[in-house]
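One structure below.
Every heavy atom of this structure was used, including side-chain atoms; hydrogens, water molecules and symmetry mates were not.
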Amino acid sequence: MTYDLIIIGAGPAGVSAAVYATRQKLSILMLSKDIGGQVAKKAVDIENYPGFEKISGPDLVDLYKKQLKANDLSVTLGEVVGIEKNDNIFSVKTVDDKEYKAISVIVTSGAESKLIHVPGEEEFAGKGVSYCSLCDGPVFKNKDVAVVGGGNNGFETAVFLSNYVKSVKVLEYGEKANADAENQELVAKNPNIEVITNAQVTKIEGKVFVSAIYYEDRANKKEKKIDVSGVFVEIGYSPSTNFLGNLVDLNEKNEVIFNSETLETKTPGLFSAGDCNVSRYKQIVMASGQGALAALSAYNYIRKVS
Ligand SMILES: Cc1cc2nc3c(=O)[nH]c(=O)nc-3n(C[C@H](O)[C@H](O)[C@H](O)COP(=O)(O)OP(=O)(O)OC[C@H]3O[C@@H](n4cnc5c(N)ncnc54)[C@H](O)[C@@H]3O)c2cc1C
């Protein structure tokens, strides 16, 4: 069977794309490793998604599942490992050697935050360790926090957090921070941000919540402790885009480059939405919006070619 549309991924972008595509009466296959994506990992409340003052990740994922069911949509669980396009038809291959065909494909395979892999990171994730300052920053009002990573993301996070918190220590592994001049200037002007270079984070400590972060001063090999209530890890993302081969152009961070009006990639009929795309900010509301736009663009493409 050849579907009108295959959607890869079932996080906010994939669910939103499916809901919009089904309203256009397209035949749809959703292929995903899970339902909910990063939202399923959000243990504490989401407080920046319109319509919900507060909602936990698992509760939002339950609502996604209900909405998919109400629209007669189901998710085929599987990992996509490759895509090809021949004679205007896409073949999508999964790790268990299955192959699915469609006129158009929307990729919503998201991204994962890079981890620092130190003791305490996993234990305190959602209990003081955060990978999203826009999501969790306000929770740390008047507290001392650390930001791991002295690139642009780390510096922007520090400046954003400084609006809420008492103090921010930015821990940078290298001899100097890599953030660009503009961010360096903003941080330098901010009295409650301190940048510590040559700092290799060694562990995160706490009881129920984070209480301290330790790092080795790489210049003299001495371990130091900073008392903090929060640790924001800002060392980048790994977009799930390896399986796309040469059907798309990627930037230096392996994010998909797309046409901003339609979200079409360089391959006609192949669209991309959400955190796997080039984007400065990665948020549920943005991924959902892109999912909707990609579905409407895919509908227009399918109408034109079939
Ligand atoms: C801990 C945490 C807290 C967060 N808190 C907030 C918050 O409070 N507010 C907010 O707005 N944002 C928050 N975010 C960010 C938000 O979750 C993401 O921006 C959003 O989930 C992106 O949606 P997406 O659909 O693009 O990608 P994802 O949510 O990453 O979903 C990707 C989907 O693709 C699937 N997939 C990946 N690769 C493959 C493959 N090869 N084959 C098949 N399927 C595949 C995955 O299984 C998943 O279903 C948080 C993120 C994290 C990690």
Q: Answer yes or no: is there an ion pair linking Lys222 with Asp217, defined by an N-O contact shorter than 4.0 Å?
A: no
(Q) Taking Lys282 first and then Glu255, would you say they form a salt bridge - that is, a charged N and a carboxylate O separated by under 4.0 Å? (A) yes
Show the nearest heavy-atom pair for residues [X] and [Y], with the distance to one decimal.
X	Y	result
Tyr100	Leu29	CD2-CD2, 3.4 Å
Leu171	Ala199	CD2-CB, 4.1 Å
Ser133	Leu161	CB-CD2, 4.2 Å
Ala177	Val195	CB-CG1, 4.5 Å
Met30	Ser74	CB-O, 3.7 Å
Pro50	Asn48	CD-O, 3.8 Å

Do the side chains of [Y] and [X] get nearer than 4.5 Å, heavy atoms only?
X	Y	answer
Val201	Tyr214	no
Lys65	Val61	yes
Ile204	Val118	yes

Q: State yes or no: do Leu5 and Ile35 share one hydrophobic cluster built from I, L, V, M, F, W and Y residues joined by side-chain heavy-atom distances below 4.5 Å, directly or via other members?
A: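 Yes; tracing contacts between hydrophobic side chains, which count when under 4.5 Å, links both residues.
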Q) Counting distance only, does the side-chain N/O of Thr108 pair as donor-acceptor with the main-chain N or O of Ala13 below 3.5 Å? A)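 Checked: no pair found.
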Inter-residue atom distance [X].[atom1] - [Y].[atom2], 0.5 Å rounding:
X	Y	atom1	atom2	result
Glu185	Asn190	CD	CG	12.5 Å
Cys135	Asp45	SG	CG	12.0 Å
Leu73	Leu68	CG	CG	5.5 Å
Leu134	Tyr281	CG	OH	7.0 Å
Lys93	Glu99	NZ	CD	4.5 Å
Thr267	Leu247	OG1	CG	4.5 Å

Give a yes-or-no answer on whether the side chains of [X] and [Y] include a donor-acceptor pair shorter than 3.5 Å.
X	Y	answer
Thr197	Lys176	no
Thr202	Glu216	no
Ser167	Glu194	no
Asn277	Ser279	no

Q. Does the pair Arg280 and Glu156 meet the rule for a salt bridge (Lys or Arg N to Asp or Glu O under 4.0 Å), with working shown?
A. CA-CA 11 Å; Arg280 190 152 182 181; Glu156 282 175 18; 2.6 Å; yes
**Q.** Glu182, CD atom: more than 12 neighbouring heavy atoms under 6.0 Å
**A.**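 No, not enclosed.
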Q: Take atom CG of Asp97 as the centre, draw a 6.0 Å sphere, and report whether it contains more than 12 heavy atoms from other residues, nucleotides or ligands.
A: no
**Q.** Residues in ring pair (Phe, Tyr, Trp, His ring centres under 6.0 Å) contact with Phe232, at least two apart in sequence or another chain
**A.**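 Phe140.
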**Q.** Audit row: Asp249, Lys266, salt bridge (Lys or Arg N to Asp or Glu O under 4.0 Å) steps and yes/no
**A.** CA-CA 7 Å; Asp249 285 330; Lys266 75 170 183 187; 3.3 Å; yes
